[in-house]
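Both backbone and side-chain heavy atoms feed into the values below; hydrogens, waters and symmetry mates do not. Just so you know, ligand 1 is whichever comes first in the structure, and atom 1 is the first atom listed for that ligand.
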Amino acid sequence: MLGRLNHVALVVPDLAAASALYRDTLGARVSAPQALPEHGVTVVFVELPNTKVELLEPLGENSTIRGFLEKNPSGGMHHICYEVEDIVAAREQLKAAGARVLGDDEPKIGAHGKPVLFLHPKDFMGTLVELEQV
Ligand code: CO
């Protein structure tokens, strides 16, 4: 079911500082910040040769990552995203195996314009898992 690692997402308290760290200190290619109000985040993509890191900063009062930052004030790893070929088939297979899908079960359009779903961290050893159809 799983394909490539699409990205690892990190929540950061200061997106400009995190971008500068990845660009200037770590020497990575870093995108301009992109506001995604429907997801409650501003995101910067760090392009690595084999995958991406996404730096996420809360956007708006109801951002779902605000609580994460309150619990982890210096930031931290938020989720990991795996590619799948057929997100609905993957969802059905996982639900049949007892995994819980967050939200209303329906894939949403994610930061890359592709359908995504999130899986409950308690069903995946404490890690929030995103699936992206590619
Ligand atoms: Co993601």
Side-chain angles (χ1 to χ4, degrees):
M1 179 192 311
L2 291 188
R4 286 159 30 106
L5 173 65
N6 186 276
H7 62 271
V8 173
L10 310 180
V11 172
V12 302
D14 180 338
L15 193 57
S19 298
L21 177 69
Y22 270 85
R23 185 184 55 236
D24 302 333
T25 306
L26 297 173
R29 195 144 52 94
V30 168
S31 77
Q34 202 177 316
L36 301 172
E38 67 280 21
H39 295 284
V41 299
T42 305
V43 60
V44 161
F45 300 105
V46 180
E47 299 282 347
L48 304 178
N50 63 338
T51 189
K52 291 186 282 288
V53 174
E54 290 183 5
L55 306 175
L56 305 174
E57 184 183 65
L59 175 64
E61 283 316 302
N62 301 322
S63 172
T64 54
I65 62 173
R66 259 189 211 293
F68 181 94
L69 214 42
E70 273 157 30
K71 281 183 229 138
N72 309 275
S74 359
M77 196 193 117
H78 185 260
H79 65 268
I80 186 162
C81 177
Y82 300 116
E83 297 180 355
V84 295
E85 272 179 27
D86 181 336
I87 201 160
V88 171
R91 178 191 69 194
E92 293 311 309
Q93 195 177 329
L94 286 162
K95 284 176 69 178
R100 287 165 286 179
V101 174
L102 298 186
D104 64 4
D105 267 13
E106 291 311 312
K108 302 275 183 300
I109 298 303
H112 313 111
K114 309 248 175 73
V116 302
L117 281 176
F118 285 91
L119 305 172
H120 201 297
K122 291 214 165 113
D123 297 332
F124 294 91
M125 294 150 292
T127 300
L128 177 61
V129 172
E130 178 180 19
L131 299 179
E132 180 174 303
Q133 180 172 293
V134 292

Derivation and outcome, ring-ring contact (aromatic ring centres under 6.0 Å, His included), residues Phe45 and His7: CA-CA 9 Å; Phe45 300 105; His7 62 271; 7.8 Å; no
One checks the Co ion (ligand 1) and counts protein N, O or S atoms under 2.8 Å, reaching 3
Under the side chain to side chain donor-acceptor pair (under 3.5 Å) test against Asp105, which residue among Lys95, Arg100, Arg91 passes? Lys95
For the side chain of Gln133 and the backbone of Ile87, is there at least one donor-acceptor N/O pair under 3.5 Å apart? yes
When you measure from the side chain of His39 to the backbone N and O of Val41, does any donor-acceptor pair fall under 3.5 Å? no
Applying salt bridge (Lys or Arg N to Asp or Glu O under 4.0 Å) to Glu61 and not counting sequence neighbours gives none
Can you tell whether the side chains of Glu130 and Lys108 come within less than 4.0 Å, N to carboxylate O? no
